[in-house]
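To start, the structure itself, in structure tokens.
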Number of protein chains: 2
Amino acid sequence: MNSSLLRQTLHAANLRATAARMAVLELVRNASTPLSHGEIAELLRDGPWNRTTLYRNLIDLEKAGLVRRTQLGEPVWRFESTAKEHGVRSHPHFLCSACGKMVCLPEMTLRLEGARGCRKAIGQGNIEVQVRGLCDACMGKRGI
Amino acid sequence: MNSSLLRQTLHAANLRATAARMAVLELVRNASTPLSHGEIAELLRDGPWNRTTLYRNLIDLEKAGLVRRTQLGEPVWRFESTAKEHGVRSHPHFLCSACGKMVCLPEMTLRLEGARGCRKAIGQGNIEVQVRGLCDACMGKRGI
DNA sequence: CAATTATTGCAATACAGTTGCAAATAACAC
DNA sequence: GTGTTATTTGCAACTGTATTGCAATAATTG
Ligand SMILES: [Mn+2]
Ligand SMILES: [Mn+2]
Ligand SMILES: [Zn+2]
Ligand SMILES: [Zn+2]
């Protein structure tokens with residue numbers, strides 16, 4: 001990607017076009033998958049930039065709407081009894097992004113087709129699925 | 001749940017029936033949703049147990065097959081450009097549990113029905129979905 | 001180029017998870 | 001019940017990711 005185009009894009013977003021920022025934006029734009037901060041720091045490890053700088057640039061780019069930032073799942077492990085009916089086999093879960101409550105979804109709620117790169121796993125159903133959004137209660141509290 | 005039944009269940013699993021272990025097992029068995037270590041520590045905060053003990057008991061129960069332990073998603077945030085075609089709107093992602101690679105899934109691959117507790121969000125499609133399993137490459141490496 | 005304001009490096013903090021080790025205790029044989 | 005032994009516990013330490021304060025530095029603008 002052209003360096004002056006990157007510069008122009010950043011300026012249009014009211015961000016200064018520093019070398020680190022341009023490197024980060026170029027990387028994310030050229031990537032074919034969502035990248036983590038750690039992956040980006042690793043890819044740019046030969047550059048002169050501190051990893052906190054790269055991190056803050058990602059946040060800045062997000063605020064400016066140039067990148068989307070998502071954390072699917074949570075940094076915590078969850079435990080459920082295998083003795084319950086629903087505990088016997090793995091099933092999809094819904095996690096509320098506001099209150100953190102998790103609910104188990106019946107298996108039938110989901111229909112999924114295989115796609116490039118993960119056809120086998122999805123075909124066999126050997127997967128775990130998580131859906132994230134606002135639960136009905138939190139929707140209610142926000143008057144939605 | 002009956003205390004002597006808990007004791008019996010633990011002994012059958014070759015685990016000593018300590019008070020902490022019984023409390024943890026009872027809690028997980030009675031829970032209607034998967035609980036995190038933090039939630040369990042909070043629920044048992046009036047008990048005399050250290051949170052590391054509760055943590056280790058959860059791990060023990062998992063090894064014994066009495067609870068299932070899952071971490072849906074990852075503890076990291078991911079960034080993708082909003083300038084890409086696929087970046088314009090949110091879409092499902094597949095995360096390989098072996099190599100950590102993430103791939104974007106086309107929206108059409110997924111059909112989901114609302115369920116108790118999260119009918120609205122799923123109805124509106126205002127959700128993020130993550131599927132986790134072995135990617136085709138990692139399946140291949142394991143000869144599957 | 002100088003003045004202004006945003007960005008950077010570095011150190012520190014927060015949190016969930018994980019482990020080592022010595023002290024406490026459950027299980028079991030008397 | 002008592003003693004013996006292996007398991008479990010408490011506490012402190014450490015990892016990895018995310019996040020922030022602050023003084024030093026660099027990008028912009030006129
Ligand atoms: Mn469940
Ligand atoms: Mn994507
Ligand atoms: Zn909620
Ligand atoms: Zn893989």
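Keep in mind it's a predicted model, so treat the numbers as computed, not measured. All values below come from the heavy atoms of this structure, side chains included, with hydrogens, waters and symmetry mates left out. Lettering of chains follows the sequences in order, A, B, ..., and the numbering in each one begins at 1.
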*If a protein heavy atom is under 4.0 Å from the base, mark B; if only from the sugar-phosphate, S; if neither, -; do that for nucleotides 21-30 of chain D going 5' to 3'.*
BB---BBS--

*Please name all residues satisfying side chain to side chain contact (heavy atoms under 4.5 Å, CB included) with A:A64, sequence neighbours left out, ordered by chain then number.*
A:A13, A:L15, A:L66

Whole Å only: how far is the [atom1] atom of [X] from the [atom2] atom of [N]?
| X | N | atom1 | atom2 | answer |
| --- | --- | --- | --- | --- |
| A:L10 | C:dA6 | CG | P | 16 Å |
| B:E39 | C:dA16 | CD | P | 11 Å |
| A:R51 | D:dT20 | CZ | C1' | 16 Å |
| B:M22 | D:dT9 | CE | C1' | 15 Å |
| B:L44 | D:dG10 | CG | P | 12 Å |
| B:D60 | D:dA6 | CG | P | 18 Å |
| B:N57 | C:dT18 | CG | C1' | 15 Å |
| B:F79 | D:dT17 | CZ | P | 13 Å |

*Each residue besides A:V76 in its hydrophobic cluster should be listed here, by chain and number; the cluster joins Ile, Leu, Val, Met, Phe, Trp and Tyr at side-chain heavy-atom distances under 4.5 Å.*
none

*asked:* Reading DNA chain D from 5' onward, which residue's closest nucleotide shows up sooner: B:V76 or B:L54?
replied: B:L54

_On DNA chain D, compare the nucleotides closest to B:T53 and B:R78; which residue's is nearer the 5' end?_
B:T53

Tell me whether the OP1 or OP2 atom of [N] has a side-chain N or O from [X] closer than 4.0 Å.
| X | N | value |
| --- | --- | --- |
| B:N50 | D:dT9 | no |
| A:Y55 | D:dT19 | yes |
| A:N14 | C:dA6 | no |

_Can you pull out every side chain to side chain donor-acceptor pair (under 3.5 Å) where at least one residue sits in residues 54-66 of chain A? Sequence neighbours excluded, please._
A:R21-A:N57, A:R21-A:D60

*Who are the side-chain hydrogen bond (donor to acceptor under 3.5 Å, both in side chains) partners of A:S97, not counting sequence neighbours?*
none

_Side chains of B:H93 and B:E80 only: does a donor on one sit below 3.5 Å from an acceptor on the other?_
yes

_By the 4.0 Å heavy-atom rule, please label A:R69 as base, sugar-phosphate, or nothing._
sugar-phosphate

*Among C:dG17, D:dT19, D:dG10, find the nucleotide with the atom closest to the side chain of B:H37.*
C:dG17

*Could you check which of D:dT9, C:dG17, D:dT19 has an atom nearest any side-chain atom of B:A20?*
D:dT9

_Pairs touching residues 115-135 of chain A that satisfy salt bridge (Lys or Arg N to Asp or Glu O under 4.0 Å), sequence neighbours left out_ = none

*Can you tell me if B:E39 uses its side chain to pair, donor with acceptor, with the backbone of B:S36 under 3.5 Å?*
yes

